[in-house]
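In what follows, chains carry the letters A, B, and so on, assigned in the order in which the sequence lines appear, proteins first and then strands, with residues in each chain numbered from 1.
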Amino acid sequence: MTEPNKKPPYDVPSHQPAAGGIAARARATAAPQYLSALNPEQREAVETLDGPVLVLAGAGTGKTRVLTSRIAHILSMGRARPNEILSVTFTNKAAREMKHRLSEMLGQAVEGMPWLGTFHSIGGRILRFHAELVQLKSNFTVLDVDDQIRLLKQLLQAENIDDKRWPARMLAGLIDGWKNRGLTPSQVPSGEAAVFGNGKGGKLYAAYQERLKILNAADFGDLLLENIRLFREHPDVLRQYQNRFKFILVDEYQDTNVAQYLWLRLLAQAPPSPAAITDSTTTPGLAAPKNICCVGDDDQSIYGWRGAEVDNILRFEHDFPGAKVIRLERNYRSTGHILAAASHLIAHNEGRLGKTLRTEDVDGEKVTVTGSWDSEEEARGIGEEIEQLQRTGNKLNEIAILVRASFQMREFEDRFVTLGMPYRVIGGPRFYERAEVRDALAYLRVINSPADDLAFERIVNVPKRGLGDATLQLLHDIGRKRKIPLMEAARSLVETDELKPKPRSSLREVIANFDRWRAQRDVVPHTELAEIVLDESGYTEMWQKDRSADAAGRLENLKELVRSMEEFENLHGFLEHISLVMDREGGADEDAVSLMTLHSAKGLEFDNVFLPGWEEGLFPHQRALDEQGRAGLEEERRLAHVGITRARKRAKLFFATNRRIHGSWSTTIPSRFLDELPADNVEITESKGGSGWGGAGGYGASRFDNVESFGSSYSTPGWQRAQANRGRGGFDETGGRYDAGGRSSAGSRKTMTIEGELIAKSTGTESDFVLGDRVFHQKFGYGNVAKIDGNKLTIAFEKAGEKKVVDSFVTKA
DNA sequence: CGAACCTTTGAGTTA
DNA sequence: CAAAGGTTCG
């Protein structure tokens, strides 16, 4: 047992006055600077400190400013100390941003804001203080999706369930969904639990939770669910936190799921309310809700598929009686046309709380819609426009391409590489998801927690040591029979002669290695230990010997991993952090185009925003429609709204008539969202050969009728118009793809065509490079030629990873 | 046991 | 078209 009252190490000594310097400054002037910079609504949101407050903050209305100013206000009024404010966000990025802005506002006084973070990191922190109460140890591991799936596969096997018919992924999805709804195994409705594995779903969920405890592990959902369980089963612990948090602030409230809502509600109750701790999710009317302030925008709710309940925000006044609702409708970001386009689009949704964004900015440029023949041409066109913007003095940092699905990104990457255009992918394949990083982490996890079977299993035969399925099976059998971790099973197995000499000695070596490393853990600095481990395990060597193209990049990633460990005091601290926050930053200082999904763009803004792929089936995405019907469509529409409102000066939409889906080309039709844009604020740019899509008459009075009639059969007027236009517009099937109509814009297009042909034709000509040549590229630096295809080279760059480039862009080094 | 080859299936968004 | 899973052969 640990003492439940163990204090978090972040506690500020109690004699310290609440952010003294600020308070003093606040008293000195009548209206402190952080208040005078606000408009009346914002100011009201900041100054209404008591009771529940809901701030409906439309895109670009100063949401973050309100949150940070509110914290500053609480502190300067002396209403709470920094460690008595709970402030939750969804992403680490948002948390970082708030800390950053707060420190600008307050000077250096943010050190003591220990409870500003994401739901998951705060949940995880609370859980570590009381781990024993939920059958964990404080050094529990946070599993990622991969570990989760492997664990579930084992359970399926144990239950003799065919994982073809009942994939582990599906079960993981179900469990995730239950956890998002705050349901422990016993709370899952039996009907739902039965849908998986011939009625074994519920049993498997229970078994999974049990296994997690044995492994001393929690998955993402547990960080909240186990927290809720902790609070419910131990009211004394809950009270401790209720007492601590004098003020609660929630960012992006529209994205909270049921579990997060329950968690917040428990914490938001006034401390002495012993009767109110119930497990009901629906009972309204809490006893004296505390000072909770939720900020959100129902029009930006885009995480329904992850369990977010827009209802949470729609029901706020009901859940928190006496709540004050404040609307922020002054947009400080976008020009008039952009804002009008976005507002009209989102007006097609029903069930909104309703806000009318307005701006005092100029109308600016109209939103453009451009059609192209296929996705390649779309990428070329956007590339050209970006070059044009660059020539006219726009910073690449102020340009973003926002896609619906990540597979769309490749085309742009290829294009940018060819053009030598600097770009960065945001939220792409994450650093910690890379195989080599996960392998390295697995080694460290086993050192840190010998019972971490999943980590053990991952690396026991990496690099290859002749310990294959057969050996592993044996270990599993022993482990399961004796209820001991695999490492212990291995220990006893090498004492017997059940193994052939070869695997036996390598297993012996693995055990000895880990024992040695663990002994070094307290002696050697953790970064050094990591290097020792990677070296002695043969892991580094494995990649050094690997001749494949990306080996160099992987070694680079390993180095970066070790480097990133320096920020932490010890191995344990590092591992604790890593599972939650391992997004690689850096490179932000460089001027580059940003490439990301619409989802990860929320909260960001750019002068120029390109939005490709506005086609039925892709955007709105077919699966959203199939699975969620009208709700799915509305969420997609909100996503479109988010996309357009990211733009300050220019929003440019695109659709292609042909797109590759599953490797083969399909014909697509323009998105219905394009049809929902207001004609007055939109310009159809001539893409090529004639009127292009839509044309002058394309927009008619019928634009807004009959939105309800969408369904599996596309019958809206817009759809039909779009189809008609497809034949009539510039996309004739017989003419060459690049058959331009002799316009100026077509001229440059034609140039591209020629370039395209040249590249295609010249592939017969072998380039001067030989496999393995060391080369230099202006943008990507040094690398080695990994593949040659005519004059197109695949190069493994030391820094940038593997890229395809045309040979003329590199020189021999 | 593991490399090489073949077949199948599947690309939606994420803390 | 790619990755992942399965099968075969050395």
Side-chain angles (χ1 to χ4, degrees), chain A residues 88-95 117-124 142-146 148-149 153 163-164 167-169 172-173 176-177 179-180 218-225 251-252 255-257 259-260 300-308 375 402-411 414 426-430 432-433 435 461-473 499-500 502-503 506 578-583 596-603 613 617-628 632 635-636 638-640 642-643 659-666:
Chain A
V88 278
T89 63
F90 272 81
T91 63
N92 291 302
K93 201 168 63 187
T118 63
F119 277 99
H120 290 92
S121 65
I122 291 176
V142 180
L143 297 190
D144 56 37
V145 192
D146 244 51
Q148 235 179 97
I149 303 275
K153 271 191 183 153
D163 80 337
K164 275 271 175 54
R169 288 201 162 280
D176 216 43
K179 288 187 175 178
N180 283 338
D219 63 19
F220 268 108
D222 281 343
L223 296 180
L224 279 163
L225 184 62
D251 191 13
E252 308 278 15
D255 287 334
T256 48
N257 60 33
Q260 287 155 342
Q300 291 188 64
S301 163
I302 54 173
Y303 285 106
W305 52 273
R306 205 171 70 186
S375 48
L402 312 182
V403 296
R404 171 69 246 267
S406 45
F407 75 86
Q408 293 172 260
M409 293 203 264
R410 256 191 76 165
E411 221 129 16
D414 287 353
I426 294 179
R430 262 171 259 298
Y432 64 83
E433 278 167 13
N461 200 30
V462 180
K464 303 260 185 276
R465 302 185 176 94
L467 299 168
D469 290 346
T471 312
L472 210 57
Q473 194 55 51
L499 283 177
K500 297 208 177 78
K502 242 194 241 160
S506 23
I578 195 118
S579 44
L580 295 170
V581 234
M582 190 62 204
D583 40 12
M596 70 191 93
T597 64
L598 284 161
H599 281 88
S600 49
K602 193 165 70 156
L618 177 59
F619 193 30
H621 200 279
Q622 193 58 51
R623 274 176 72 171
L625 267 36
D626 292 345
E627 288 164 19
Q628 306 286 333
E635 182 154 315
E636 295 286 300
R638 290 194 290 268
L639 201 49
V642 167
R659 192 170 289 276
R660 242 193 184 119
I661 295 166
H662 278 14
S664 53
W665 289 96
S666 316

Roughly, in whole Å, what's the span from [atom1] in [X] to [atom2] in [N]?
{"X": "I149(A)", "N": "dA4(C)", "atom1": "CD1", "atom2": "C1'", "value": "14 Å"}
{"X": "L224(A)", "N": "dA15(B)", "atom1": "CG", "atom2": "P", "value": "14 Å"}
{"X": "R169(A)", "N": "dG5(C)", "atom1": "CZ", "atom2": "C1'", "value": "13 Å"}
{"X": "R410(A)", "N": "dA11(B)", "atom1": "CZ", "atom2": "P", "value": "15 Å"}
{"X": "L143(A)", "N": "dA15(B)", "atom1": "CG", "atom2": "P", "value": "17 Å"}
{"X": "E636(A)", "N": "dT13(B)", "atom1": "CD", "atom2": "C1'", "value": "8 Å"}
{"X": "R659(A)", "N": "dA11(B)", "atom1": "CZ", "atom2": "P", "value": "18 Å"}
{"X": "K602(A)", "N": "dA15(B)", "atom1": "NZ", "atom2": "C1'", "value": "12 Å"}

Counting only side-chain nitrogens and oxygens, does [X] get under 4.0 Å of the OP1 or OP2 atom of [N]?
{"X": "S406(A)", "N": "dT13(B)", "value": "yes"}
{"X": "T597(A)", "N": "dT14(B)", "value": "yes"}
{"X": "R623(A)", "N": "dG12(B)", "value": "yes"}
{"X": "N180(A)", "N": "dT14(B)", "value": "no"}

Selection from [options] that lies nearest to any side-chain heavy atom of [X]:
{"X": "H120(A)", "options": "dA15(B), dC1(B), dG12(B)", "answer": "dA15(B)"}
{"X": "A470(A)", "options": "dG12(B), dC1(B), dA15(B)", "answer": "dC1(B)"}
{"X": "H621(A)", "options": "dT14(B), dC1(B), dG12(B)", "answer": "dG12(B)"}
{"X": "S600(A)", "options": "dA15(B), dG5(C), dT14(B)", "answer": "dT14(B)"}
{"X": "K464(A)", "options": "dG2(B), dT13(B), dG5(C)", "answer": "dG2(B)"}

Assign [X] to base, sugar-phosphate, or nothing according to its heavy-atom contacts below 4.0 angstrom with the strands shown.
{"X": "A624(A)", "value": "base"}
{"X": "H662(A)", "value": "base"}
{"X": "T471(A)", "value": "sugar-phosphate"}
{"X": "F407(A)", "value": "base"}
{"X": "N461(A)", "value": "sugar-phosphate"}
{"X": "S664(A)", "value": "nothing"}
{"X": "Q260(A)", "value": "nothing"}
{"X": "E252(A)", "value": "nothing"}

Step by step, work out the salt bridge (Lys or Arg N to Asp or Glu O under 4.0 Å) result for E411(A) and R660(A).
CA-CA 11 Å; E411(A) 221 129 16; R660(A) 242 193 184 119; 5.2 Å; no
Near-parallel close stack of W305(A) and dT13(B) base (under 5.5 Å, under 30°)
yes
What integer number of Å spans the P atoms of dA11(B) and dG6(C)?
16 Å
So do the side chains of T471(A) and L499(A) get within less than 4.5 Å of each other, counting heavy atoms only?
yes
Using heavy atoms to find the nearest nucleotide of DNA chain B for V145(A) and R465(A) separately, return the residue whose nucleotide is more 5′.
R465(A)
Most 5' of Y303(A) and I661(A) on DNA chain B, judged by nearest nucleotide:
I661(A)
Looking at [X] and [Y], would you say the former's side chain and the latter's main chain have a donor-acceptor pair under 3.5 Å?
{"X": "E636(A)", "Y": "F619(A)", "result": "no"}
{"X": "Q408(A)", "Y": "A405(A)", "result": "yes"}
{"X": "N180(A)", "Y": "R306(A)", "result": "yes"}
{"X": "D222(A)", "Y": "L225(A)", "result": "no"}
{"X": "E635(A)", "Y": "G304(A)", "result": "yes"}

Counting distance alone, no hydrogens or angles: does the base of dT13(B) have a donor or acceptor under 3.5 Å from a partner atom on the side chain of R306(A)?
no
